[in-house]
Amino acid sequence: MSEFELLDPSGVPLGDPGTGASGAPDPLLDGLNPPQAQAVSTRSPALLIVAGAGSGKTRVLTHRIAQLIRNREAWPSQILAITFTNKAAAEMRERVEGLLGSAAEGMWISTFHSACVRILRREAERFGYVSGFTIYDSADSRALLKRIIKDLEADSYGFTPANASSKISRLKNELSDADSYAATANANDPRERLFIEIFRSYEQELRRANAFDFDDLIGQTVHLFRTFPEVAAVYQRRFRFLLVDEYQDTNHAQYSLIRELTRPVERDVVERLVPPVRERELDGLGCIPAASLTVVGDSDQSIYAFRGADIRNIVEFERDFPGAEVVKLEQNYRSTQNILSAANAVIGNNLDRQDKSLWTSEGDGPQIVGFTGYSQHDEARFVAEEIEDLHRSGLAYGDVAVFYRTNSQTRALEELLIRAAIPYRVLGGTKFYERAEIKDAMAYLTSLANPYDPIAWSRLIGAPKRGIGPMAEAQLANYAEAMGISFHDAMLRAGELSFGPKVRAAIESLGQLLQRAARMAAGGGATDDSETRKQPAPVADVLKLILDETQMIEKLRAKRDPQDEARAENLEELVSVAKEYDVQHPGVGLLEFLTEVSLVAAVDELDDESGTVSLMTMHTAKGLEFPAVFITGVEEGLLPHQMSVDEIGGISEERRLMYVGITRARKQLYLTLASTRAQFGDVQVAMPSRFLQEIPESLIDWRQSPGEVTGRGGTESRALNAPRSGARPSRGGAGRGVESSVSFGSGSGSGGYGRGGSGAAAVSEPASGNMQSALEQWRERKRQAKAAQAAGGGFPNTIVGSVRDNGDLELAPGDRIRHDEYGAGRVTGITGAGSKRIAHVVFDTVGERKLLVKLAPIAKLDAGLDSAEE
DNA sequence: CAATGCGGAGTTTTT
DNA sequence: CTCCGCATTG
């Protein structure tokens, strides 16, 4: 919303705190447990709600807000609630409105970034920006940095747009700028000096472009408040109640923003405020007292340290805000006890945390299901098959989520889900708005709002290709700068520069298009003659004008690359998005659309009604819950991620990530991994994650344990055509690690693995007998691991057993082999060498496969006629 | 100026 | 493996 009322104009006195709640029982407290009710009702100046996963914190927050309003302790306009994502904000608004009726109008419920944009758009003129500023996403920032690094020839010092950007981001999150950094940096280090130059130049260019990057949105708002106390006072006065969700993930800049907003307004500033401050707003000293602050968080779910989140913000809250009250919510209303026990066991391995255990009164529920695939492909197939089983037993696809650590893991999963015809949706990853063609089209809109933005302008010039190259672009940019005019105006005056007739015509026609579109967007109508001031044109109309005139869609369609058809469709989708926006927000104009697009988060795309399986990273999953959850790639190097192992606190953060993942599951949790994983073209052996060993084995029903797939923990390789792990009978080559025949829901044993193996899930029964030996191996390895750890020095995961090793298996074209999964087949070729030898095999039933000789579950049956023997 | 092709490099999480 | 930048060619 764009309206901005300072205080409710009616001037009705606010009720006395607490009066509404006394006497009759409050329906807003109905069904809350005592700590929850306490968290809703308490009125200390600062409140920390320590809310474990699934403990009903959203409920508490919404009820608290509703109670404040309903008791007339606050007007809706006096409430500022900060959430982590737009989706969470929308949900919270909806729930508060549900509790109150429509009385919630005027509340600010938004993310840090959205709230700051709103403030900055109002106040930008005060410090050299204009309201139409552009918000640079990280790609835009990097594009700008790329130019700067090139200009300064800093690339030879190892600076890249990516590393410079992340360093600048880190500094900005600490509220540093180039000057303050320069004051502390080592001036004798040429690399440091160069970095400072990059940083300074980046700041200048942003300002000149009238653009903020993500971090600026917070940092500059803090800066604004500190520089202009009377501006800060407007917001300090307005927002009497601040509520901040996910407080454990706030960084220093965000923390500072909260501090600024909860500062009392000093007497001398009070006197200058407009409209004049009324007596009842003041305390005895003539100040406007500090706003009430409520924060909600769980330090065990802090997973954004890499983005500057500072766990100290929550740990030291009581010290920061004297008089703070702390309420702990530990009862979980989401998950079964088995899932919670696993979560508690994992997080319990993090030192320096306050001991806290989630519990539920809802019972144990089914065991967690574990599965180890031979490859990520195999793992993905298990996931797909299992989802099918869940679906057949009555679970909606929309109730299932698949999590992973890195976005690249979606590949194999998507492939198998497509093959199984399971509807799914990937959240995040390469987002819609990050696609090249979408960014191209958006560059036009951005440039209309901010004709001084060089990144947008530079992008639109080359999309589509129209004969204006880097030379012409540079000339125009120089000219614009020299004359102090916008890029658009420079293009309209291309005749004053020495371009060839063709180039000049192209430039002028583009300039005219932008001029027309700009008029239209501003509400002047597409043509010159408008005397009637109209509403801003709908965004979709402006977009369509651009797409039609530039022929972007047609040009894509004319190409023969099949990818381009998809790109054309994306552009059409963008038009639909814009139309939808126009319907939802009539008459608000381009700027709001651009803002909203800039600030969408991955999770905002989640549509609860979509009826599709959701794929997302565990970071994206925070704050969500699903009846059935798959956590995939639970391997060393992936979860915890290799990159985190050397970082201080890295493993702890990864463990929290695992904890977040586990606690998303309501009823059924799956932990899956693969024993090999292909990365960058070659295959690598993967070890089970140390986090798996931290979960009591009784909680996990291993359909196929790591022990079964990676060998026996010894060095000898087993007879490869024997049934795996001893006791299990072979299943005619299609035998998979599916041990139990107890099925989930209606016993559909049909949809199993391979041909004939049952894929039905054993949910409530412990593993049946023939699982014992495999489990025994796994246990033995865990025992060894524990012993090693107890012996001191050892890491939890120093012993993970050896892997299957067929290293000495000689294969040649013509050999017959048997594969545990695919059955019998004939080798048609061998490529690669050493541990990366790949056998190309045509199987009798499943056709051609490529297998890593060293690790595939294969055995030689008989040699081909001309095979080389050892 | 644009399109094509080759070679090299980089691989975490995101508002 | 895949994306990106660079150089060559049309």
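Each chain gets a letter, A, B and so on, in the order the sequences are listed, and its residues count up from 1.
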Nearest whole angstrom, please: distance from the [atom2] of [N] to the [atom1] of [X].
{"X": "A:Glu653", "N": "B:dT14", "atom1": "CD", "atom2": "P", "answer": "12 Å"}
{"X": "A:Leu638", "N": "B:dT13", "atom1": "CG", "atom2": "C1'", "answer": "12 Å"}
{"X": "A:Phe112", "N": "B:dT14", "atom1": "CZ", "atom2": "P", "answer": "19 Å"}
{"X": "A:Ile218", "N": "B:dT15", "atom1": "CD1", "atom2": "C1'", "answer": "8 Å"}
{"X": "A:Tyr404", "N": "B:dT14", "atom1": "OH", "atom2": "C1'", "answer": "13 Å"}
{"X": "A:Arg405", "N": "B:dT12", "atom1": "CZ", "atom2": "P", "answer": "9 Å"}
{"X": "A:Gln642", "N": "B:dT12", "atom1": "CD", "atom2": "P", "answer": "11 Å"}
{"X": "A:His641", "N": "B:dT11", "atom1": "NE2", "atom2": "P", "answer": "10 Å"}

Which of these nucleotides, B:dT12, B:dT15, B:dA2, is closest to any side-chain atom of A:Lys465?
B:dA2
Measure from the side-chain heavy atoms of A:Thr406 and tell me the nearest of B:dT12, B:dA2, B:dC1.
B:dT12
Any donor-acceptor pair under 3.5 Å linking the side chain of A:Gln254 with the backbone of A:Asn251?
yes
On the nucleotide [N], are OP1 or OP2 found under 4.0 Å from the side-chain N or O atoms that [X] carries?
{"X": "A:Thr620", "N": "B:dT14", "value": "yes"}
{"X": "A:Thr617", "N": "B:dT12", "value": "no"}
{"X": "A:Asn407", "N": "B:dT14", "value": "yes"}

Paired with A:Glu635, the salt bridge (Lys or Arg N to Asp or Glu O under 4.0 Å) test is passed by just one of A:Arg690, A:Arg405, A:Arg677, namely A:Arg677
Relative to the ring of A:Tyr670, is the ring of A:Phe630 parallel (under 30°), tilted (30 to 60°) or perpendicular (over 60°)?
parallel
Using 30° and 60° as the class limits, which term best fits the ring planes of A:Phe84 and A:Tyr304: parallel, tilted or perpendicular?
tilted
Under 3.5 Å, is there a donor-acceptor pair linking the side chains of A:Gln409 and A:Thr406?
yes
Residue pair A:Glu246 / A:Gln248, side-chain donor-acceptor N/O under 3.5 Å:
yes
Considering every strand and a 4.0 Å limit on heavy-atom distances, what is the contact class for [X]: base, sugar-phosphate, or nothing?
{"X": "A:Arg466", "answer": "sugar-phosphate"}
{"X": "A:Ala472", "answer": "sugar-phosphate"}
{"X": "A:Met618", "answer": "nothing"}
{"X": "A:Glu246", "answer": "nothing"}
{"X": "A:Tyr304", "answer": "sugar-phosphate"}

Comparing A:His619 with A:Thr160, nearest DNA chain B nucleotide closer to 5' gives the residue A:Thr160
Nearest heavy atom decides the nucleotide; on that basis, is A:Val503 or A:Gln254 closer to the 5' end of DNA chain B?
A:Val503
Ring centre gap for A:Tyr136 and A:Tyr202 strictly below 6.0 Å:
no
Can you give me the closest heavy-atom contact between A:Ile662 and A:Ala343, atom names plus distance?
CG2-CB, 3.8 Å
Distance, C1' atom - from C:dC4 to B:dT13, rounded to whole angstrom:
23 Å
Take nucleotides 1-9 of chain C nucleotide by nucleotide from the 5' end and write B, S or -, depending on whether a protein heavy atom sits under 4.0 Å from the base, only from the sugar-phosphate, or from neither.
BS--S----
Ring centroids of A:Phe306 and B:dT13 base under 5.5 Å with planes under 30°
yes
